[in-house]
Amino acid sequence: MSPELELTIAAAREAGELLRANYESDLVVDEMKAHDIKLDLDVKTQELITDRILATFPDHAIYGEEGIAGKLDSSSQWIVDPIDGTVNYFYGIPHFCVSIALREDGELKLGAIYDPMMDEMYAVDYEGPTTRNGKPVSPSNRAELKQAVVTIGFSKTKESMDAGLERYRNMAYQVRKTRMMGSAALALAYIACGRLDAYIEEQISIWDIAAGKLMVERGGGVVNLSPSTSSEDKSGIVAFNGKLPLDNIS
Ligand code: IPD
Ligand code: CA
Ligand code: CA
């Protein structure tokens with residue numbers, strides 16, 4: 001394992017332990033919006049990850065949902081989502097994770113996604129397969145929509161929800177089941193290991209998907225990003241196992 005992935009895994013695990021320790025406790029809310037919640041713990045968890053990474057690589061950059069740090073013009077950028085699934089976390093729904101990826105010269109190289117409640121560590125290194133708790137995993141072979149379980153995200157704005165509802169309507173009739181689970185990163189990890197067959201969302205940010213995108217692609221899955229039709233700095237995503245006929249939907 002590369003030293004960079006070893007550090008990524010250690011930081012993700014430590015961050016996950018912090019989340020587990022605070023799960024279902026009285027949480028400090030920084031911001032409560034119609035369709036989103038920001039916790040003090042989002043910030044604290046990112047600080048922990050930032051400290052661990054910059055202690056080893058002080059010249060690298062941190063690009064996280066909760067802010068930026070380090071040497072911002074570095075070609076080595078760590079893309080961090082300290083809690084992906086904050087609303088689940090706040091409501092005590094045990095489906096959320098820590099996501100950390102390393103991008104070098106604009107290319108995603110490695111990453112880890114840690115689900116602290118399941119104690120599942122998904123990881124992908126510079127080379128080699130995606131692993132879950134150290135064992136190689138791969139996307140499903142399901143090639144027909146009628147066999148597929150597809151998760152659809154609704155993001156946080158009216159526009160993204162409208163787009164999501166339309167996609168949901170189209171998909172629901174064609175697939176075996178649709179699911180809405182509340183963590184983009186885990187949706188991708190689940191495709192990478194064959195639990196889910198596809199994931200569609202209208203507005204996501206790079207920290208939601210950086211590690212998971214690499215995990216899906218490393219196993220032969222497909223992740224298509226397109227400019228979001230409703231927000232300039234976000235992307236739409238269609239991710240799938242590489243077998244389903246989803247290449248041409250955007
Ligand atoms: C959110 C989750 C959610 C997705 C949103 C994301 P957060 O991330 O991944 O599943 O629908 O688009 O922003 O806010 O919990 O880090
Ligand atoms: Ca997120
Ligand atoms: Ca987050």
Side-chain angles (χ1 to χ4, degrees), residues 1-16 49 52-53 56-57 60 76-81 84-85 95-144 147-151 153 179 181 183-201 204 206-225 235 237-247:
M1 189 187 299
S2 69
E4 288 84 354
L5 184 62
E6 235 172 87
L7 171 67
T8 310
I9 288 176
R13 194 179 297 285
E14 206 185 324
I49 296 165
R52 295 301 173 271
I53 292 172
T56 306
F57 297 113
H60 288 189
S76 297
Q77 305 170 333
W78 295 84
I79 304 171
V80 177
D81 194 342
D84 186 54
H95 188 79
F96 51 85
C97 65
V98 179
S99 174
I100 306 174
L102 174 61
R103 185 165 65 185
E104 290 176 339
D105 297 313
E107 228 181 281
L108 291 168
K109 295 290 184 183
L110 56 87
I113 293 174
Y114 182 52
D115 175 343
M117 304 315 282
M118 294 283 284
D119 191 21
E120 289 184 334
M121 179 69 73
Y122 296 84
V124 62
D125 209 339
Y126 286 101
E127 289 177 350
T130 297
T131 58
R132 184 178 63 217
N133 290 347
K135 297 200 181 83
V137 289
S138 48
S140 74
N141 284 319
R142 288 180 279 269
E144 293 180 70
Q147 304 170 304
V149 177
V150 177
T151 186
R179 294 284 180 258
M181 299 170 80
S183 163
L186 280 180
L188 291 166
Y190 277 25
I191 295 175
C193 71
R195 286 180 182 165
L196 286 172
D197 303 304
Y199 161 52
I200 304 172
E201 183 154 353
I204 39 92
I206 183 68
W207 49 77
D208 298 314
I209 54 128
K213 177 175 187 290
L214 187 59
M215 289 177 191
V216 169
E217 289 175 343
R218 192 61 69 78
V222 172
V223 179
N224 289 330
L225 299 179
S235 308
I237 183 168
V238 177
F240 61 102
N241 61 4
K243 309 280 189 326
L244 293 169
L246 289 177
D247 249 320

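Values below: every heavy atom of this structure, side chains too, minus hydrogens, waters and symmetry copies.
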Novice: Hey, are the side chains of Ser99 and Asp208 touching, using non-hydrogen atoms and a 4.5 Å cut-off?
Specialist: no

Novice: Can you check whether Leu244 reaches Asp197 side chain to side chain, under 4.5 Å on heavy atoms?
Specialist: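 Side-chain contact under 4.5 Å: yes.
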
Novice: Using a strict 4.0 Å threshold on nitrogen-to-oxygen distance, state whether Glu144 and Arg142 make a salt bridge.
Specialist: no

Novice: I'd like to know if the side chain of Thr130 and the backbone of Ala192 have a donor-acceptor N/O pair within less than 3.5 Å.
Specialist: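 Not a single qualifying donor-acceptor pair exists.
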
Novice: Using side-chain heavy atoms (C-beta onward) and a distance below 4.5 Å, is Val98 in contact with Ile49?
Specialist: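 Of all side-chain heavy-atom pairs linking Ile49 with Val98, at least one is under 4.5 Å.
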
Novice: Is there a side-chain contact between Asp115 and Leu186, using heavy atoms and a 4.5 Å cut-off?
Specialist: yes

Novice: Would you call Arg13 and Asp119 a salt bridge, taking side-chain N to carboxylate O under 4.0 Å as the test?
Specialist: yes

Novice: How many angstroms lie between CD1 in Ile209 and OH in Tyr199, if you round to the nearest 0.5 Å?
Specialist: 8.0 Å

Novice: Heavy atoms only: give me the nearest Cys97-Ala185 pair and the separation to one decimal.
Specialist: SG-CB, 3.6 Å

Novice: How long is the straight-line distance from CZ of Phe240 back to CG of Asn224, given to the nearest 0.5 Å?
Specialist: 6.0 Å

Novice: When rounded to the nearest 0.5 angstrom, what is the spacing between CZ in Arg103 and CD1 in Ile206?
Specialist: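 Atom-to-atom, Arg103:CZ and Ile206:CD1 are 5.0 Å apart.
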
Novice: Evaluate side chain to side chain contact (heavy atoms under 4.5 Å, CB included) for Glu4 paired with Tyr126, printing each intermediate quantity in order.
Specialist: CA-CA 9 Å; Glu4 288 84 354; Tyr126 286 101; 3.5 Å; yes

Novice: How are the rings of Tyr190 and His95 set to each other: parallel, tilted or perpendicular (split at 30° and 60°)?
Specialist: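 The rings of Tyr190 and His95 stand perpendicular, inter-plane angle above 60°.
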
Novice: Please report the shortest heavy-atom distance between Ile191 and Ala239, naming the atom on each side.
Specialist: CD1-O, 3.6 Å

Novice: Can you see which heavy atom on Leu246 is nearest to which on Ala198, and at what distance?
Specialist: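 The pair with the smallest heavy-atom distance is CD1-CB, 3.6 Å.
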
Novice: Say you draw a straight line from CG of Leu108 to CD1 of Ile79; how long is it, rounded to the nearest 0.5 Å?
Specialist: 5.5 Å

Novice: Taking only Lys NZ, Arg NE, NH1 and NH2, and the carboxylate oxygens of Asp or Glu, determine whether Glu217 and Lys213 approach each other closer than 4.0 Å.
Specialist: yes

Novice: Contact between Trp78 and Thr8 at the side-chain level, heavy atoms closer than 4.5 Å - yes or no?
Specialist: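 Yes, close enough: below the 4.5 Å cut-off.
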
Novice: Begin from the C-alpha positions of Lys243 and Gln147 and carry the test side chain to side chain contact (heavy atoms under 4.5 Å, CB included) through to its verdict.
Specialist: CA-CA 11 Å; Lys243 309 280 189 326; Gln147 304 170 304; over 6 Å; no

Novice: If you round to the nearest 0.5 Å, how far is SG of Cys193 from CG of Asn133?
Specialist: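 Taking CG in Asn133 and SG in Cys193, the distance rounds to 10.5 Å.
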
Novice: Does Asp247 form a side chain to side chain contact (heavy atoms under 4.5 Å, CB included) with Val222? I'd like the steps, not just the answer.
Specialist: CA-CA 8 Å; Asp247 249 320; Val222 172; 4.0 Å; yes

Novice: Examine distances only and state if a side-chain atom of Asp84 and a backbone atom of Ala184 form a donor-acceptor pair shorter than 3.5 Å.
Specialist: yes

Novice: List the steps and the verdict of side chain to side chain contact (heavy atoms under 4.5 Å, CB included) for Leu102 and Glu104.
Specialist: CA-CA 7 Å; Leu102 174 61; Glu104 290 176 339; 3.5 Å; yes

Novice: So which heavy atom on Arg218 is nearest to which on Gly128, and how close?
Specialist: NH1-O, 2.8 Å

Novice: Indicate whether any N or O donor in one side chain lies under 3.5 Å from an N or O acceptor in the other, for Ser2 and Asp125.
Specialist: yes

Novice: For Pro245 versus Ala143, what's the shortest heavy-atom pair and its separation?
Specialist: CD-O, 3.5 Å

Novice: Side chains of Tyr114 and Glu14: is there a donor and an acceptor less than 3.5 Å apart?
Specialist: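 There is no such pair (donor and acceptor under 3.5 Å, judged by atom type) between the side chains of Tyr114 and Glu14.
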
Novice: Between Val124 and Thr131, is there a side-chain heavy-atom distance shorter than 4.5 Å?
Specialist: no

Novice: Given side chains that start at C-beta, do those of Arg132 and Arg195 come closer than 4.5 Å, heavy atoms only?
Specialist: yes

Novice: Are any non-hydrogen side-chain atoms of Val238 and Val223 less than 4.5 angstrom apart?
Specialist: no

Novice: Quick check for you: to the nearest 0.5 Å, what is the distance between Ile204 atom CD1 and Ile237 atom CD1?
Specialist: 4.5 Å

Novice: Please report the shortest heavy-atom distance between Ala112 and Met121, naming the atom on each side.
Specialist: CB-SD, 4.1 Å

